[in-house]
Amino acid sequence: MSVIDRLCYQSRLRYVNAEEKFVYAILTLIFCVASRSFAVALIAFAANGILTVGKGGISLSRYCRLLLIPVSFLVVGTAAILVDVSEIPMDAFAFPVGDRYLTGSRATTMEALRVCAAAFSSATCLYFLALNTTMTDILDVLRKLRLPSLFIELMMLIYRFIFLLFETAGAIRISQESRLGDRNYRTKARSFGEMGSALFIRALSRSNSLYDAMESRGYDGKIRVLSQQQPPRKKKILMIAGFELILAVLTIREIWVRTGGHG
Amino acid sequence: MTKKEKILLKASAAFAALFAVAPAANAMHIMEGYLPAGYCVAWGLVCLPFLIAGFISLRNKVKENRRSMTLIAMSGAFIFVISSLKIPSATGSCSHMTGTGLGAILFGPSAVGILGIIVLIFQAVLLAHGGLTTLGANTFSMAVAGPLVSFGIYKLCGKLKANRRVSVFLAAFMGDLFTYCVTSLQLALAYPSESGGVMASAVKFLGVFAPTQLPLAVIEGILTVVLVIGLESYAGPELNNTGFLSGREKEAR
């Protein structure tokens, strides 16, 4: 099951006003992506690390292990940006392979580094949001953003059902394994497929009985939940605004320098 | 020359070691923050018409029969769970299904768009697969393009009266492959190669992701076949009642 979901309920920042956290995470994310500058990336990386590990109380080793999740994509993707196959060697590096070169230029190397920095720091923004805010709080914020209510309700139900289905799937897996369902590759593949179909059938009957239960309790097409909101604090809002202002200035400077440099 | 060759050897060894350390071969979610801002917005806009169409069709379904609300939600949760469970993979690395083909066959391409974007949001927030800024690009490749191809092939095989297993396999397999091609193209558009432009870059991205994605597509095809066959033999009446399974099953019955 999801480690992140479990961790966010333990976070010490869990009861901080969700809108503040959401706005902070999204704005920082936007600046990281828009600026692609090392300074912004470094600041965001540090701030998110301090907030999540220092203030939130998520253990450092857990945090590092979570940060490793997207590394495989980063490595493979960046390799493709970095290395070029060409007949002419370029200025950064060049390895001859047959009559061609595996080569790269300084500009692409720089760009690849920038992409890595931006991607890593934006991933920490996502982690900050995910590790310190519960899904129900995020849904509350989305509701305030006036997303269609059908969409929000769908998300809410899906979030609930995910755990139901995980439980069912886990039980099926255990009984399959205890009956030698993963003896070799063939049986493994069959077990997985059969687990999937059994899971779907269970899900169908589950959804039917759930609807009956909801309707018998007066479901009229709307799910009303009580949300427990912490009032936003002026001091925190000011701090977030100040922080984002710094990032905004750095971003604008970076974009200005880059467009000026090319023009 | 020999010195350079030595360096190359060392570099490739280091690269291979990184591969061994790097934890998972996920379905191809573009990582958070990996695309430039302009591309994030553009892919989001490209998805928008598909999402609106999907939303309207879902809303009508719910209006028609309120019971379908829990059913649709259960379907979304099902796609999420299936795509986040470890699947048995030949190489021993841990990989996941995309569920695009399965979703398209079971629920049709319009519903999958909306369910797909919700699943992708949950995958980003709960599993750190993909991200919020790359949500548009990922939605396009996994919840719009892939399912459309899967659905098209599934329908086409139905018209051609192909073997059931073959048609389900092809639908899931091609859906997966197409998702992988679209993602490569998205990356290539954002990062064109200096010497050869977008096409050369696309070839590079296709190349580096091929070792993980091609076996995954085959496995996904096989698993989807087992799954769909299981559903048909055990849950025919339920599936017909939901009205989700597309026309062909109803005709066959």
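Letters A, B, ... are given to chains in the order of the sequence lines, protein chains preceding strands, and every chain is numbered from 1.
Under the 4.5 Å side-chain criterion, counting only non-hydrogen atoms from C-beta, B:Phe80 is not in contact with A:Tyr159. Using a 4.5 Å heavy-atom cutoff, the side chains of A:Met195 and B:Leu227 are not in contact. The closest side-chain heavy-atom distance from A:Ile158 to B:Leu115 is below 4.5 Å. Side-chain atoms of B:Val125 and A:Ile4, non-hydrogen and from C-beta on, never get closer than 4.5 Å to each other. At a threshold of 4.5 Å between non-hydrogen side-chain atoms, the residues B:Met74 and A:Phe200 do not count as touching. Residues B:Phe205 and A:Val76 fail the side-chain proximity criterion, which asks for heavy atoms closer than 4.5 Å.
In this structure, CD in B:Glu32 is found 7.5 Å from SG in A:Cys125, a value given to the nearest 0.5 Å. Rounded to the nearest 0.5 angstrom, A:Leu150 CG and B:Met69 CE are separated by 5.0 Å. Atoms CG and CD1, on B:Leu132 and A:Ile30 in that order, are 10.0 Å from each other to the nearest 0.5 Å.
Nearest heavy-atom pair across B:Tyr34 and A:Ala119 is CD1-CB, 3.9 Å. Scanning both residues, B:Gly33 and A:Ser122, for their nearest heavy atoms gives CA-OG, 3.3 Å. Between B:Leu85 and A:Ala169, the closest heavy-atom pair is CD1-CB, 4.1 Å. Minimum heavy-atom separation, B:Ile30 to A:Phe73: CA-CZ, 3.7 Å. Minimum interatomic distance between A:Arg36 and B:Leu35 (heavy atoms only, all atoms of both residues): NH2-C, 3.2 Å. Nearest heavy atom pair, residue A:Ile81 against residue B:Lys204, reads O-NZ, 3.7 Å.
Scanning residues 208-216 of chain A against chain B with a 4.5 Å non-hydrogen threshold yields A:Asn208, A:Leu210, A:Tyr211, A:Asp212, A:Met214, sorted by number. At a heavy-atom cut-off of under 4.5 Å, chain A is reached by B:Ile117, B:Ile118, B:Ile121, B:Phe122, B:Ala124 from residues 116-124 of chain B, listed in order of number.
Annotation: maximal heavy-atom pairing with chain A below 4.5 Å, among B:Leu102, B:Val228, B:Thr133, B:Val203, occurs at B:Thr133. Ranking B:Val225, B:Leu126, B:Thr224, B:Ile222 against chain A, the residue ahead of the rest is B:Leu126, based on heavy-atom pairs under 4.5 Å. The greatest number of non-hydrogen atom pairs below 4.5 Å with chain B, out of A:Ala118, A:Ser105, A:Ser191, is found for A:Ser105. Of the residues considered (A:Ser121, A:Ala80, A:Ser205), A:Ala80 shows the highest number of contacts with chain B, using heavy-atom pairs under 4.5 Å. Counting heavy-atom pairs closer than 4.5 Å to chain B, the top residue among A:Leu74, A:Leu164, A:Val115, A:Leu157 is A:Val115. Options B:Arg67, B:Arg59, B:Met31 differ in how many heavy-atom pairs under 4.5 Å they form with chain A, and the most are formed by B:Arg67. Considering only heavy-atom pairs separated by less than 4.5 Å from chain B, the leading option among A:Leu131, A:Leu7, A:Thr78 is A:Thr78. When each of A:Val33, A:Thr133, A:Leu129 is scored by its heavy-atom pairs under 4.5 Å with chain B, the top score falls to A:Val33. Comparing A:Met135, A:Arg65, A:Arg206 by how many heavy-atom pairs each has under 4.5 Å with chain B, the most go to A:Met135. Counting heavy-atom pairs closer than 4.5 Å to chain A, the top residue among B:Ala73, B:Ala200, B:Ala37 is B:Ala73.
Taking the centre of each ring, A:Phe161 and B:Phe78 stay at or above the 6.0 Å mark.
With a 4.5 Å cut-off on non-hydrogen atoms, A:Leu66 does not touch chain B at all. Using a 4.5 Å cut-off between heavy atoms, A:Tyr127 touches chain B through its side chain atoms alone. Looking at B:Ser193, both its backbone and its side chain come within 4.5 Å of chain A, counting heavy atoms on both sides. At a 4.5 Å heavy-atom cutoff, the contact between B:Val62 and chain A is made by side-chain atoms alone.
Contacts of A:Glu194 classified as salt bridge (charged side-chain N to carboxylate O under 4.0 Å, His left out), with partners at least two apart in sequence or in another chain: A:Arg190. Applying the salt bridge (charged side-chain N to carboxylate O under 4.0 Å, His left out) rule to B:Arg165 yields no partners; only residues at least two apart in sequence or on another chain are considered.
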Step by step, work out the side-chain contact (heavy atoms from CB on, under 4.5 Å) result for B:Ile219 and A:Tyr185. CA-CA 11 Å; B:Ile219 295 170; A:Tyr185 190 75; 3.7 Å; yes
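Counted within 6.0 Å of CZ on A:Phe45, heavy atoms from surrounding residues, nucleotides or ligands total 12 or fewer; the atom is thus considered open.
A donor-acceptor pair under 3.5 Å is formed between the side chain of B:Thr70 and the backbone N or O of A:Ser207. Of the possible polar contacts, none joining the B:Tyr191 side chain to the A:Glu111 backbone as a donor-acceptor pair under 3.5 Å is found.
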